[in-house]
Amino acid sequence: MGRLVMKFGGTSVANLDRIRNVALHVKREVDAGHDVAVVVSAMAGKTNELVEWCRDASPMHDAREYDAVVASGEQVTSGLLAIALQAIGIQARSWQGWQIPILTSDAHASARILEIDGTELISRFKERKEVAVIAGFQGINRESGRITTLGRGGSDTSAVAIAAAIHADRCDIYTDVDGVYTTDPRVVLKARRLDRIAFEDMLELASQGAKVLQVRSVELGMVHNMPIFVRSSFDKPEDIDPHGTPPGTLICSEEEIMESHVVTGIAFSKDEAQISVRQIEDKPGVAASIFGPLADANINVDMIVQNVSEDGKTTDLTFTVPASDYNRARDTISSAKGKIGYARLDSATDVAKVSVIGSGMRSHAGVAAQAFGALAARNINIRAITTSEIKFSVLIDAAYTELAVRTLHTLYGLDQA
Ligand code: ASP
Ligand code: MG
């Protein structure tokens, strides 16, 4: 007997039929003798609708009221799932974030979980065999007493945090894909599902554009060493053996991974924009004059390249920002033109970042160099490069994204046999 968190995303609870199907998945684990806490998202599309309503009500709305509105989607699904469980004879009770409570910071719309007291949930497992059905995505700030939300995709993070708080053996994330793949299978048909992936690699994959899990949930899993199992909610509940190993991907610590490839996976993101500040005087303080104002404007700069300008005397600085911040970034640089002193601002939004990830890179030299050669052979021009211990990224024209991803996937031996 063990203790499990089962998290179901929006498509898995999209309507009453699907909620009943979720109830059967839960029943299977309860019947197998496990203590179960379920974490649910809002019905598919619901949160988007609620966000839109806030924008319509007023574009400059109060973030506390935004949270009061958008947290409601999960309140509905947690209550409905508790009803569906009771209807098939399973003891169940719904829980909103404030009832547990899930204490968070006061950063409304992107709050961080600070503390969860799991005692009451655990005692109910013991005393009444009661399933806890918990609204994901939300919590409460102790000082203000207001409802908070954790940022889009935040139910994943709720689930892992709850798993840690109740000392679960594992956190199962049921979703519309059956695991984590070496890259997006819609782009590369030969993408393979990974049986296991280390927290660190998953963290990079998620940060670099793989959309399976909220990044923060992987961070929490790593901190608490809580194994996270990504699996499909479309498998028929009756086909699954609760004691067997279902298809899926286990995100776990590196020590628990036997087979190790140098490269684990390839992520890509088209939500990038490139800005090049041309012909700046090459002297101390130039970078600060550019990146200082961007930081003050809360704009995240990712890749940075500095090179000699075409005149051979001055320097060019190229960097990338999220596409959503592109206009603000351009405006910020233009307003600081007097201080920076540049000749021209060039920019491009039709760019993509392709990232190759693998903790195996730590012990292998020349992994990135192979990629540069392979991309050159395909005539794909690299606009910028960044590297870190277990990852490197290249910025290329967006039109070549698929070709680049496929080329690298083959190059590093990730293609399915
Ligand atoms: N319902 C929230 C969202 O759509 C949280 C989640 O689904 O993880 O972002
Ligand atoms: Mg999600």
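All ligand and atom numbering here is 1-based and tracks the order in the structure. Nothing fancy with the numbering, it's 1 onward along the sequence. Everything quoted here is computed from the prediction, not taken from an experiment.
In terms of modelled atom types and a separation under 3.5 Å, the side chain of T182 and the main chain of G265 share no donor-acceptor contact.
Within the 4.0 Å heavy-atom shell around ligand 1 one finds G153. G136 does not count as a contact of ligand 1, since none of its heavy atoms falls under 4.0 Å from the ligand.
Checked against a 3.5 angstrom limit, the closest N/O atoms of D156 and ligand 1 fall outside it.
Ring to ring, Y174 and H25 are close: their centroids are under 6.0 angstrom apart.
Of the N and O atoms on the side chains of S217 and E219, not one donor lies less than 3.5 Å from an acceptor on the other residue.
Counting heavy atoms closer than 4.0 Å to ligand 1, residue E74 contributes side-chain atoms (C-beta onward) but none from N, CA, C or O.
The ring-ring contact (aromatic ring centres under 6.0 Å, His included) search around F319 returns F291, not counting sequence neighbours.
The atoms of ligand 1 that sit less than 4.0 Å from any heavy atom of S41 are 6 (C), 7 (O), 8 (O). The ligand atoms of ligand 1 that sit less than 4.0 angstrom from a heavy atom of R152 are 3 (C), 4 (O), 9 (O).
Atom 5 (C) of ligand 1 has its closest protein heavy atom at S155 OG, 3.4 Å.
A salt bridge does not link R146 with D67: every distance from a Lys NZ or Arg NE/NH1/NH2 to an Asp or Glu carboxylate oxygen is 4.0 Å or more.
Counting heavy atoms from C-beta on, the side chains of V70 and F137 come closer than 4.5 Å.
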